[in-house]
Amino acid sequence: MNNKWVYLFKEGSKEMKSLLGGKGANLAEMTNLDLPVPGGITITTKACNEFYKNNKKLSEEIVEQIYEHIKILEIETGKRFGDIENPLLVSVRSGAAISMPGMMDTILNLGINDKSVIGLANKTQNKRFAFDSYRRFIQMFGDVVLSIPKYKFDYVLDDIKENKNYQNDTELTKEDLEELIETYKKIFVKEAGIEFPQNPNEQLLMAIEAVFNSWNNTRAITYRNLYNIDHNIGTAVNIQSMVFGNMGATSGTGVAFTRNPSTGEKYLYGEFLINAQGEDVVAGIRTPLQIYKLESIMPDIYNQFIEIAGILEKHYKDMQDMEFTIEQGKLYMLQTRTGKRTAEAAIRIAVEMVNENLIDKQEAIMRIDPKSLDQLLHPTFDLDTQRKAKPIAKGLPASPGAATGKIYFTAGDAVKAAKSGEKVILVRKETSPEDIEGMTMAEGILTSRGGMTSHAAVVARGMGKCCVAGCDDIYVDEELKIFIVNNEKISEGSYISLDGSLGLIYNGVIKTVEPGISGNFNTLMKWADDFRRLSIRTNADTPKDAQAAINFGAEGIGLCRTEHMFFDESRIFSVRKMILSDNISDRENALEEILPMQKNDFKEIYKIMGIKPVTIRLLDPPLHEFLPHTDDEIKKLADSMNINLYLLKEKANSLHEFNPMLGHRGCRLLITYSEITKMQIRAIMEAAIEVCKEENIDITPEIMVPLIGNVKELKYLKDIIVETAEKVKNEKSSNIKYLIGTMIEVPRACVTSNEIAEIADFFSYGTNDLTQMTYGFSRDDAGKFIGDYKDFKILDSDPFQSIDTVGVGSLLKTSVKLGKQTNSKIKLGICGEHGGDPESIKFFNEALLDYVSCSPYRVPVARLSAAQAIIQER
Ligand code: PEP
Ligand code: MG
């Protein structure tokens, strides 16, 4: 049997999307539901691929099948394609399996020519309508098939309107239109170098080829690259007999959604135009009317449309986006598809559809894109205002949300301005832990360097604060307090706006709207909780973060980074004294000053978390981050420590490292400065014991050691930890229990996990460092080339954002297996940035971890993703 390249609408169904494209499959489905759909045919996506194989020519077989099917359409409609008296006119529209802006869209009224326009005028007794249809066709065909710019036609139309003082196209007379057609044909010859084709068969084949060619135009290719759509799936072509919305006052055309796509509210939402063809609504030439107004103009049609909308929504069990045309008082459906919607609408629709028994809870959970929840958790720009503004630069969308404020270039200046009541954006080349206060006080953060796991990005996400990172479009001069973009100087105190979800930077102020968590959001999250197996913890190291995470449903803290607590302005001085002192007793004295503050931090966090588990990680940052930078800082320190300025400088220099990320940090620091370890254990234990007594609860502190690569490192520290903890328990007469575990973030730790698990109560995978060390990509510098790697298809995604399941993932799985071999009860979690990434969460679920830990604002994302992982497994 021959290949079947062409289908009648009634031969298809909604399941045949990959062959018939989305539009074709849904037209088929509506036809089979007996809805009023004008007859038509679909040329398959396979024919598109065949067209490319055949050097961009339609094969004879395909052309033959097209004509055969057009014959069937002629019988159905009682009209003939190319007939002079009673011509069949058709629309030609593209339609891939996935809807794709950038491809050819629509040609209407195809089949009309100098002769049949008269036939159409006679048949319809409406000369104006016939000529209007013809002039529209010449313009659309010229534009879409031969790339003649639309404005060349529009100029002539505008001239006539201006000369005759018309406001609307509808005022054009049949004589005007006749004149217009002649001029359009001249423009056509001049621009295309050929006469306007009078033969309808020729028109049709040229249009079909144009659709197929548009599959590979630059815009379409770029779009597919952006959304990872296969370049080989091809597009279908739909040819449908025309119905006319431009036949006078009883005709019209419109688009509508079965529910409001912004809010999700259940009512028919859309607009229409009387006496118009489809493109008039979209092109915004005339202002359309709200759909509810149709009720008073054509009540029967309105009621019929409401009924059809209801049938479609029930049938598809989802909100529909529909196109319709009314021809002389008769309604026709031209398209239906699942409507695009905001996150807020998606949640409301999913929850309400469960309540309406249209879908079940699993389906509701699966319908929400976890990443879209970001829209609900951060302030966003007012869309209308943003649309009108033009970005001045683009960086990495490091932390979603929107922020507007005056720019400051140091944390100190930012803090000062914020304290005086200004809204502030902190602009830095890159941030460091010392900028924390400035970052906390800022509305948003902009850096010119660093990737998605740079300090700025991680901290900003943790704070739920908008951040654009690694924006190399701008040059930041922190000394002059300016940044330069497109040769323009933007100085301290100027207003800018950041879109952290898109990585865009704007000049001036863009209005923002605050997020609101609605009841439906809560309902959906609770449903998700019933499905998931993974627990969701959070990475939080301040009471504020801990509280935010609890509000979003966190079940514990998986990572409390204690270095933040050392960098507090009021403490850094004592920390520096401790690091730079020559002898243990000076060091212990300095630590004595820090102990009460650190203990207090822990107490506050324990109070908020109650009996929920809290994993506190011992100190991890590279040593040099503690060092004083300015001469003034060094002098103050030397005075206070009573030592020579130059000796102190020398000591500070000696601590400099060439590769700090692989240097003196983590457990290495805790081993060589065991006083720090002891002080931190004391702070943790005393805090826990005191809160247990004060709140009358049982807390089991989880103490975590960072950066273990060799079991002996852990053994060494564990002895110190146990000794100190037992001492504190004795002093306080407490029998509190505590756990000692380790981060697994060094490849050597993964492959020796059997040894490590023997002396660890838990593992927490630090996938940031594990990715860094497995790939050998510096966390802070990889942003510079990962973009290229993605463009060249070496990487599908940034491995610091979405876990590299093949490499890093197999190390993780190896570690899980080895760890369970020697310690079947070991608790397993992950606290790298991947803990909030939906794709990675699927992997962690499959790897049988017990929990994921992510920044507070990603907790809802993780709750939903963990539920989706289970549902998908089923
Ligand atoms: C990690 O490495 O994944 C981790 C959580 O630790 P940090 O980011 O603090 O190095
Ligand atoms: Mg780490």
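Computation of the quantities below employed the complete heavy-atom set of this structure, encompassing side-chain atoms and omitting hydrogens, waters and symmetry-equivalent molecules. Keep in mind the model is a prediction, meaning the values are calculated, not measured. We number each residue from 1, following the sequence as shown. In each ligand, atom 1 is the first atom listed, and ligand 1 is the first ligand listed.
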Side-chain heavy atoms of R858 within contact of E833, under 4.5 Å: yes
Is the distance between the ring centroids of F785 and F777 less than 6.0 Å? yes
With heavy-atom distances below 4.5 Å as the criterion, would you say the side chains of T562 and Q680 are in contact? yes
Looking only at heavy atoms, what is the nearest atom pair of L811 and V751, with distance? CD2-CG1, 4.0 Å
Using the ring of each side chain (for Trp, its six-membered ring), is Y673 parallel, tilted or perpendicular to H664, with breaks at 30° and 60°? tilted
What protein N/O/S atoms lie closer than 2.8 Å to the Mg ion (ligand 2)? E745 OE1, D769 OD2
Return the protein residues near ligand 1 (heavy atom under 4.0 Å from any of its atoms), ordered by chain and residue number. L559, R561, R617, D620, R665, M743, E745, G766, T767, N768, D769, R779, C831, G832
Do R428 and L426 touch side chain to side chain, with heavy atoms closer than 4.5 Å? yes
Using the side-chain hydrogen bond (donor to acceptor under 3.5 Å, both in side chains) definition, which of the options Q598, K599, K603 pairs with E686? K599
Assess whether side chain to side chain contact (heavy atoms under 4.5 Å, CB included) is satisfied between C560 and I616, documenting all intermediate values. CA-CA 5 Å; C560 171; I616 296 179; 4.3 Å; yes
Are R576 and F626 in a cation-pi contact, defined as NZ or CZ under 6.0 Å from the six-membered ring centre and within 45° of the axis? no
